[in-house]
2 protein chains.
Amino acid sequence: MSVRALKPLKETQTRILDAAEELFMQHGFEGASMRMLTAMAGVNLAAVNYHFGSKDALIEAVFRRRLDPMNAERLAALERLEQEAQGKALAPDAIIRAFVGASLRMIEDTRGGGRTFSRLLGRAYTEPAKSIRQLIGQMYAPAMERFKAAFVRALPELPKDELVWRMHFMFGTLAYTLAATDTVQLIAGAKPEDRYDVRVLENRLAAFMSAGLLAPLTGALQVRIAA
Amino acid sequence: MSVRALKPLKETQTRILDAAEELFMQHGFEGASMRMLTAMAGVNLAAVNYHFGSKDALIEAVFRRRLDPMNAERLAALERLEQEAQGKALAPDAIIRAFVGASLRMIEDTRGGGRTFSRLLGRAYTEPAKSIRQLIGQMYAPAMERFKAAFVRALPELPKDELVWRMHFMFGTLAYTLAATDTVQLIAGAKPEDRYDVRVLENRLAAFMSAGLLAPLTGALQVRIAA
DNA sequence: GTCTATATCATGATAGAC
DNA sequence: GTCTATCATGATATAGAC
């Protein structure tokens, strides 16, 4: 056994990021103080400023650590679908699953903190602080453009602005589901210690979203198309 | 003109509530300090504690002022529908509109602060502080029970736990839409000063939600029904 | 890289004069 | 009811020893 094994298993930065993830999720970005955070991580109060520069920079690092790989995974899934389709239009349901799957798979990662992060992420979408919403918006922008283009090709008859709204609705459904994973499973009668059955949840979500995305254009909506 | 007209138009409590609504929406509950808040309201720092007792009690008052009438309106709309139907099952779309309409009508109220509150409300659903989610959960509970019962009668063939999930998804769609009213209209190409066309938004939302609620049960979901 | 100690400032709450 | 003044606490950030 090397000497390193006696030291803390994780590097200081990682332990700070893990603690920050947990505490930002529980108490919000303003509610979680650097004192709470460094205490949980088992590091000195000054360590955050040394390694990250400031609390704001730490917040950005927390998101970047998970979001960059997640969006890369999303885009890879979409590109794989498009290659398999060989030029044919994709099924909307498949596009939805490519987008949603990356988020849901993170819920399963209880040990690595992915589940904690997914709840944090769900909350961040409606975070009051403009800087945080901008930050997340920037990280998502490239993936969102690609998925929008895929939906446009899959649903050429759906008006573009209607598509934007429906993508927005789908995003809200996902965000809220991520944020409230604890609440839902209680409502649905599961015990807190139950592991999520992510595949069933993906089926539920995809069914709901697909139907909503493909909803008929009726009434006042159709008037706008005629015009 | 009476002497009263020369004094501030609104009572102190009201002005505090209005300022709190605005600042809680912009900066969150922890981020908005009592100093910011009393400065905006044009009242003394000590006024909050005098009139409400504490910051937490103020938060509760902010929600109660709008949420109690809103849920009463919701329930009244549902009961009116049921009376008109004279025992027949309601259309799911009509139930959805009864629930959603009360929230959306609040968006139109730019002058009275309803729109500000609706954005605050959308964010509060994913608020980290447990006390606030509990507070809102309690205020919503009676209405939620009644609407769930209405959905059960309208969709007897839909399994109960599936209904709970779909109500959850609908709630998320609405919450996110309320929280991001500013973002969406920019995405959709509207100018910030445009007033919302709430009837069109209600049609969009109802179309999406109805389709999602009535989505076919396929694949893994159907396995669960057979079991 | 890690620690202690501290600077500087903002917070929620309250006591007590008016 | 409204004000001023103040308390006790906790916040982020940093300087400087080790």
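Values below: all heavy atoms of this structure, side chains included; hydrogens, waters and symmetry mates excluded. Every chain is numbered from 1, with letters handed out A, B, ... down the list of sequences.
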Less than 4.0 angstrom between a side-chain N/O of A:Thr12 and OP1 or OP2 of C:dG1, yes or no?
no

Value in whole Å for how far the P atom of D:dT2 lies from CD of B:Glu11:
9 Å

Would you call A:Arg15 and A:Glu11 a salt bridge, taking side-chain N to carboxylate O under 4.0 Å as the test?
no

Nucleic acid footprint by protein, nucleotides 11-18 of chain C - heavy-atom cut-off 4.0 Å, B for base, S for sugar-phosphate alone
BBBB----

DNA chain D nearest-nucleotide lookup for B:Tyr50 and B:Asn44: closer to the 5′ end is B:Tyr50

Tell me if a side-chain donor or acceptor on B:Asn71 pairs with a main-chain N or O of B:Met139 at a distance below 3.5 Å.
yes

Residues B:Glu127, B:Arg123: salt bridge by 4.0 Å N-O rule:
no

Atom CG of A:Leu37 and atom P of D:dA11 are separated, to the nearest Å, by 11 Å

N/O donor to acceptor pairs below 3.5 angstrom from side-chain atoms of residues 23-30 of chain B, sequence neighbours left out:
unit_1  : atom_1 : unit_2  : atom_2 : d
B:Gln26 : NE2    : B:Glu22 : OE2    : 2.5

Any donor-acceptor N or O pair under 3.5 Å, side chains A:Arg74, A:Tyr140
yes

Would you check if there is a donor-acceptor pair between the side chains of B:Asn203 and B:Arg97 at a distance under 3.5 Å?
yes

